[in-house]
2 protein chains.
Amino acid sequence: MIEKIPEKPAVAERIPAALRREQILAAASRVFGERGYSGATTDQVAQAAGISQPYVVRMFGTKENLFLEVLQRALDKLDISFRAVLAEPVPEGLEREEFLAPRLGAAYVDLIEDKGILMSLMQAFITGHDPVIGAKARSGFLSIYRLLREEAGFEAEQTADFLAHGMLMNTLLALRLPDLYQEDDAACELLTAALGTKLDLVLHVSTAPENRS
Amino acid sequence: MIEKIPEKPAVAERIPAALRREQILAAASRVFGERGYSGATTDQVAQAAGISQPYVVRMFGTKENLFLEVLQRALDKLDISFRAVLAEPVPEGLEREEFLAPRLGAAYVDLIEDKGILMSLMQAFITGHDPVIGAKARSGFLSIYRLLREEAGFEAEQTADFLAHGMLMNTLLALRLPDLYQEDDAACELLTAALGTKLDLVLHVSTAPENRS
DNA sequence: TCGACTTGTAATCATTCAATTACAACCTAA
DNA sequence: TTAGGTTGTAATTGAATGATTACAAGTCGA
């Protein structure tokens, strides 16, 4: 009763380059988000995308270029997500900014579902020493700041608070603190305080079987 | 009038191993703090310490081991710094926790002066995927959390706020946002909001001529 | 159906880098 | 002084990895 397992075709299915490109970017987002720019290899990205390493390199030219595209996409998705909230009508009896703060926070946390987005951003932020990636990371971060400050109408102080909690969330995720949720009381308590009602969102994502290496 | 420049002795000065060890750890703290675990090379650490690469490896066995020692030292210094504040007498007319919050915040910011400490911690936090480094980073982070929660008497919510602003500071430093302080209004404003009176501390440190590579 | 284009891989190269080996120079106690 | 331990490097190695080249297999319009 042993079935023939056609699991690993030597040659990947042939699909349009544009679509393959999206697959690679999605895979790269996860891999770079986990290991960082220098910790990730183009071969890991290729395997995650189900194709060969040379194909990854040929499609994006260089590893740096691939990372820059991953970063740009993450910034774009964050921007789109925030602007969608900004476009929502403000309920009666509420100040605009008073309504926006929790909604934007929730929108940010919801981005966890894509997994790679927030982690890739965080990995880029921490690569500030790199002349190319660092420059892009800085300008991207400042774009987010200006969006909150000018479009959402936050005060400087309020914006810093908002970003601070975002960075805490990113750090806890990168730390893989959710892995300790069951065993450690402090981890459980901190995650609850940092994520509130959105906690279950995190627990599903990180219990995934990606614990290798 | 050209003097003989004995700048680079082929062989480093001979000093006791224990002292050399401290030099290497200090150098490694800066290098790892800048480039991260996988982005840094043992040769970069060796050059920063003014010795040869094999000596670095022999003294610490492996690069991983060296990073773990750097991480442990950073955690120790943070712990010592916080406990020094906890030992301070509380001024009359103030609740203990009400007094501690700003003092602990100031103590944290003051750690910037060592430069490597906060950045090495942040680099470790973001290496949560690594089985060895990740485990140590998680337990270290939770130790800090427990210190604030149990020894300082913070509420869970308050602790999260405190850590959030710490992580924002770390991120802004890793991003090298202070490099844009002169040119960019938003960067200036955000740094002011995040660092307050301690802003000048950062501007001195990061204007250092370490922009290569 | 044939020729050009697209989508993919195998093989390989050159570099980087952690780690090892072998050795040199220095110090110090007997 | 000299033997043994300490502090250091030069040279090298082996593995990892980004990138290149050459080629195969599929697709599609004329």
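What you see below is based on every heavy atom in this structure, not just the backbone, and it leaves out hydrogens, waters and symmetry mates. Note on naming: letters A, B, ... go to the chains in the order of the sequence lines (proteins, then strands), and numbering restarts at 1 for each one.
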Taking the side chain as every heavy atom from C-beta outward, state whether [X] and [Y] have any pair of such atoms under 4.5 Å apart.
X        : Y        : answer
A/Tyr108 : A/Asn170 : yes
A/Thr62  : A/Leu66  : no
A/Tyr37  : A/Gln123 : no
B/Tyr181 : B/Leu199 : yes

task: Anything under 4.0 Å to a heavy atom of chain A counts; send over the first and last such nucleotide of DNA chain D, read 5' to 3'.
output: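 That gives a stretch of D/dT17 to D/dT27.
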message: If you compare all heavy atoms of B/Arg146 against all heavy atoms of A/Ala186, which two are closest, and at what distance to 0.1 Å?
response: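 For B/Arg146 versus A/Ala186, the nearest heavy atoms are NE-CB, 3.7 Å.
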- prompt: Where do A/Leu201 and A/Val109 come nearest, in terms of heavy atoms and distance?
  reply: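 So the two residues come closest at CD2-O, 3.7 Å.
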field: A/Tyr145 and B/Glu189: side chain donor to acceptor below 3.5 Å
entry: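 There is such a pair (donor and acceptor under 3.5 Å, judged by atom type) between the side chains of A/Tyr145 and B/Glu189.
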message: Testing the 3.5 Å rule here: is there a donor-acceptor pair between the side chains of A/Gln72 and A/Asp76?
response: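 Distance-only check passes for A/Gln72 and A/Asp76.
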A/Lys77, A/Arg103, A/Lys115, A/Lys198 screened by salt bridge (charged side-chain N to carboxylate O under 4.0 Å, His left out) with A/Asp110, the one that passes: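 For A/Asp110, the salt bridge (charged side-chain N to carboxylate O under 4.0 Å, His left out) check succeeds only for A/Lys198.
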Under 3.5 Å, which N/O atoms of the protein pair with N/O atoms of nucleotides 3-7 of chain C?
from: C/dT6; atom 1: O2; to: A/Arg14; atom 2: NH1; distance (Å): 3.1
from: C/dT6; atom 1: O2; to: A/Arg14; atom 2: NH2; distance (Å): 2.4
from: C/dT7; atom 1: OP1; to: A/Ala17; atom 2: N; distance (Å): 2.9
from: C/dT7; atom 1: O4'; to: A/Arg14; atom 2: NH1; distance (Å): 3.2
from: C/dT7; atom 1: O4'; to: A/Arg14; atom 2: NH2; distance (Å): 3.3
from: C/dT7; atom 1: O3'; to: A/Ile15; atom 2: O; distance (Å): 3.4
from: C/dT7; atom 1: O2; to: A/Arg14; atom 2: NH1; distance (Å): 3.3

Produce the list of close N/O pairs, under 3.5 Å, pairing protein atoms with atoms of nucleotides 16-18 of chain C; give distances to one decimal.
from: C/dA18; atom 1: OP1; to: B/Ala40; atom 2: O; distance (Å): 3.4
from: C/dA18; atom 1: OP1; to: B/Lys63; atom 2: NZ; distance (Å): 3.2
from: C/dA18; atom 1: OP2; to: B/Thr42; atom 2: N; distance (Å): 2.8
from: C/dA18; atom 1: OP2; to: B/Thr42; atom 2: OG1; distance (Å): 2.8

query: Knowing that exactly one of B/Leu172, B/Ile126, B/Thr171 qualifies, which makes a side-chain contact (heavy atoms from CB on, under 4.5 Å) with A/Phe125?
result: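 Running side-chain contact (heavy atoms from CB on, under 4.5 Å) over B/Leu172, B/Ile126, B/Thr171 with A/Phe125 returns exactly one hit, B/Thr171.
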